[in-house]
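Notes for the one structure printed next.
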Amino acid sequence: LTFTEFVTAAMYPVRFVVYLSLYFQAKELSSYNRRFAIVAMVGVGTMVTLLGFVQLIFYPALRNLYYLGWDEHLYRMFSVFLDPNFASAFFVIFLLFILDNLLRLKNLFLRLCLGGSGFLAALAVFLTYSRTGFIMLLFGLGTYLLLYVRARTALVTLGLCFVVLLLVSNTRIEGLNPLRVASTEARLQSAQHAVAIFGKFPVLGVGFNAFRYAQVKMGYRSLDTQFVNHADAGTDNSYLFVLATTGIIGFGIVMTFWIICYKKLFLQARNTIFPARGLVSGITALLVGTLFLNIMFYPMIVMWLCLEAGLIRNN
């Protein structure tokens, strides 16, 4: 890397550490501030969801921002994220957080309010028309239901999810067609590039957040293009992204971290410690969804999960 490339690539690891520090800040909250943080998270999640419906009505496409590197996303909900896939991932994790809050409250009015927020978040997942979001919903909600309710109830609920997906789909419009192939081909090509880069640098990778420069130097991308491309700095699979940028060593560290976290969270969830049940289901959705979308390092998702994890420690 040149000096400029190195400094640029080094900025995200610094930011990533700052995001992770939210866990320690949430962990030190007093009981009062912890309750305030929970209310604030519910409020922010609900606001983001409502803004998604406003966007879908008044700003249903990003055609006017195509020259800045954004896809059109015609008739899809993308809310404040400007991308329906990342928006759907947030809606799923927020919905699971809502569920955990909903089941522990006894006040009927609060339960109705939370239930309304949860319903809107679930509907928003479908209106993004994101296959990744739908898969995350199935695995996240399935994990939550299978762990804490009867299997029959879980199967009926997941079956209803399929019915709703069929009702809102439109096979005549590419973006609204769950069987669309254009984005699938693009993701497969992105995965092939990541595998090739990993094959050339298998031990330590090309450097975290240096993926863009590796793609340019190996001829997969060019900086001399008419339009900006926001996808050049990563690949759609977080596991391949870790392998390509940090190699086998980094991948081993990351997977060890997730295994340790998941085991601890699962024990806390079985003991009904709030919000461990929502978080372990959300992480299940994340670890599956990150096969198709690089959400493991997406700032808004990382910050939300760190806040949730920090709140668990305050019980």
Test item: Thr128 side-chain N/O and Val125 main-chain N/O as donor-acceptor pair under 3.5 Å:
yes

Answer whether the closest heavy-atom distance between the side chains of Leu114 and Leu102 falls below 4.5 Å.
yes

For residues 93-105, which residue pairs pass the salt bridge (Lys or Arg N to Asp or Glu O under 4.0 Å) check, not counting sequence neighbours?
Asp100-Arg277

Ring-plane angle category for Trp304 and Phe90, please: parallel below 30°, perpendicular beyond 60°, tilted otherwise.
perpendicular

Scan residues 38-60 for pairs that pass salt bridge (Lys or Arg N to Asp or Glu O under 4.0 Å), counting only residues two or more places apart or in two chains.
none

Any idea how Phe81 and Phe91 line up, ring-wise: parallel (<30°), tilted (30 to 60°), or perpendicular (>60°)?
perpendicular

Aromatic rings Phe297 and Tyr12: how do their planes relate, parallel, tilted or perpendicular, breaks at 30° and 60°?
perpendicular

Tyr298 and Phe86: aromatic ring centres closer than 6.0 Å?
yes

Linked, directly or transitively: Tyr19 and Val80 (ILVMFWY side chains, under 4.5 Å)
yes

Centres of the Phe251 and Phe241 rings: under 6.0 Å?
no

For the student: nearest non-hydrogen atoms of Ile93 and Leu305, plus distance:
CG2-CD2, 4.0 Å

Under 4.0 Å between a Lys/Arg side-chain N and an Asp/Glu carboxylate O for Arg34 and Glu28?
no

